[in-house]
Amino acid sequence: MRAALKPLWRRWLARRIPPAASVRLNQRRIFILPSRVGGAFAVALLLMLLVGINYQNSLAYGLTFLLASVFVVTILHTYRNLAGLVLKAGGGGAVFVGEQARFRVRLESREREHQAIALGWPPAELVLRDVPRDGQTEVDLSLPATRRGWLRPERLRVESRFPLGLLVAWSWVDLDQAVLVYPRPLEGDLPLSAGLGDEEQDEGMRARGQGADDFQGLREYQPGDSKRRLDWKAYSRGQGLLVKDFAMLSGRDLWLDFDSLGGDSEMRLSLLCHWVLQFSERQQAFGLQLPGQVIAPDYGEGHRDACLRALALFGAHS
């Protein structure tokens, strides 16, 4: 029965609180009910009222009505602690399968202070934060990345039990966040294709661009250069930070070919992911061949990210 109602509940929530990168909590988006403590409190009030009625005890009446008024006032304060809070989606970097995907959420207050705001994805423990008046607080939430592709979390629960814990006011928001998950890198041998066809074409190859085949000399260090290429001997002689400069040979571009590998698709993608990282670290130019997609040989962070993205989204229908 509960499983059958879940799709209806999600569709109703999507209409009432549609996905958005920024959500302001108001009366339409906040739900409030007594907590377990509040339920026990209400039962105690009922028992005290029955005792007062049975013994016609004015003190029992007075105490019961006083505590009942506290309960009613707490409803307003619990609701106000959540009302007006603004939730905004922050950035989240790509991760590999097996890592924790991080989602950043910004909490902003435009009217009042919000205390003990809890948010997260149950059944995991919720994170508590205070939001100062006319201020903001950033929260880093995490989910395990169990499969490659886009990781889109479920609706985020944000709740408040302040000030007495007798009631809980909550909302379910969809900040339309997503993190790209790359395949898990897997070490192994990799058949490489130079893309020449004939070994005779190796003759007359000339050096071009930056690579890892032919040592050309030393040059001054520039931000972004690989630390592995620093010439520490020259640095120890007081010559400053110098980098070993290599060149790759024209016609020796390496291709990472999906079809040349054995094993299932996920194993092939993991192996390709490992070698994309290896060649990128060496600043070695390479190309990537996937069924239905070809990325021309290149090097650099942009090329690496494009290849990793292609591996992550391989076979995706959206």
Side-chain angles (χ1 to χ4, degrees), residues 1-18 23-87 105 107-133 135 137 139 141-143 153-175:
M1 182 66 177
R2 180 178 298 181
L5 292 177
K6 186 173 291 188
L8 296 177
W9 164 252
R10 290 179 176 175
R11 287 197 294 269
W12 182 81
L13 266 182
R15 292 194 301 269
R16 192 175 184 90
I17 314 176
V23 175
R24 181 182 176 89
L25 299 183
N26 52 28
Q27 183 177 2
R28 178 180 174 83
R29 296 167 175 169
I30 297 176
F31 313 98
I32 185 168
L33 282 174
S35 63
R36 291 183 180 180
V37 176
F41 185 81
V43 172
L45 288 181
L46 179 60
L47 293 177
M48 291 173 60
L49 180 62
L50 293 177
V51 169
I53 294 175
N54 186 53
Y55 292 99
Q56 294 296 307
N57 190 316
S58 59
L59 182 61
Y61 280 126
L63 182 60
T64 300
F65 294 139
L66 175 63
L67 294 178
S69 63
V70 170
F71 186 87
V72 173
V73 172
T74 302
I75 297 176
L76 175 62
H77 283 279
T78 303
Y79 166 78
R80 281 172 55 86
N81 191 51
L82 204 57
L85 182 67
V86 178
L87 293 90
V105 179
L107 306 178
E108 295 184 358
S109 172
R110 300 177 182 175
E111 298 176 355
R112 64 180 70 90
E113 181 181 8
H114 303 272
Q115 301 183 42
I117 302 298
L119 64 162
W121 292 283
E125 185 176 357
L126 304 185
V127 178
L128 282 175
R129 288 292 186 274
D130 295 331
V131 186
R133 182 177 181 179
T137 299
V139 183
L141 304 174
S142 62
L143 285 175
E154 296 287 336
R155 284 182 173 267
L156 180 70
R157 180 180 175 93
V158 51
E159 69 175 36
S160 169
R161 298 173 186 262
F162 182 86
L164 300 179
L166 298 179
L167 297 108
V168 53
W170 78 95
S171 183
W172 293 99
V173 298
D174 186 351
L175 297 179

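- The line from CD1 of I75 to CG of L33 is 10.0 Å long, rounded to the nearest 0.5 Å.
- For residues 161-170, every residue pair satisfying the side-chain hydrogen bond (donor to acceptor under 3.5 Å, both in side chains) rule, not counting sequence neighbours, is listed here: E159-R161.
- Put simply, the side chain of D174 does not reach to within 4.5 Å of the side chain of I17, judged on heavy atoms.
- Here the shortest heavy-atom pairing between G165 and S35 reads O-OG, 2.5 Å.
- Residues that satisfy the side-chain contact (heavy atoms from CB on, under 4.5 Å) test with Q115, not counting sequence neighbours, are N81, E113, D130, F162.
- The side-chain hydrogen bond (donor to acceptor under 3.5 Å, both in side chains) analysis of residues 56-70, with sequence neighbours excluded, yields no pairs.
- Put simply, CZ on R155 and OG on S171 are 8.0 Å apart, with the number rounded to the nearest 0.5 Å.
- Scanning for side-chain contact (heavy atoms from CB on, under 4.5 Å) contacts around R112 gives R80, A83, H114, with sequence neighbours left out.
- Contacts of R24 classified as salt bridge (charged side-chain N to carboxylate O under 4.0 Å, His left out), with partners at least two apart in sequence or in another chain: E111.
- Looking at L156 and L87, their side chains come closer than 4.5 Å, going by heavy atoms from C-beta outward.
- With a 4.5 Å cut-off on side-chain heavy atoms, T137 and P132 count as touching.
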Verify side-chain contact (heavy atoms from CB on, under 4.5 Å) between Y79 and Q27, making sure each step is shown before the conclusion.
CA-CA 9 Å; Y79 166 78; Q27 183 177 2; 3.4 Å; yes
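- For residues 38-67, there are no salt bridge (Lys or Arg N to Asp or Glu O under 4.0 Å) pairs, not counting sequence neighbours.
- A heavy-atom distance below 4.5 Å is found between the side chains of L107 and L119.
- V139 is listed as a side-chain neighbour of L141, based on a closest heavy-atom distance under 4.5 Å.
- The CG atom of L128 sits 9.0 Å away from atom CD1 of I117, with the distance rounded to the nearest 0.5 Å.
- Under a 3.5 Å cut-off, the side chain of R110 and the backbone N or O of G84 do not form any donor-acceptor pair.
- Between the side chain of S109 and the main chain of V131, no donor-acceptor pair closer than 3.5 Å is present.
- Evaluation of the side-chain contact (heavy atoms from CB on, under 4.5 Å) rule for L67 yields F41, L45, M48, L63 as partners, not counting sequence neighbours.
- The shortest heavy-atom contact between W121 and P153 is CZ2-CB, 3.5 Å.
- The side-chain contact (heavy atoms from CB on, under 4.5 Å) check on T74 picks up V70, T78, P163, L164, L166, L167, with sequence neighbours excluded.
- In terms of heavy-atom proximity, P34 sits nearest to F71 at CG-CZ, 4.2 Å.
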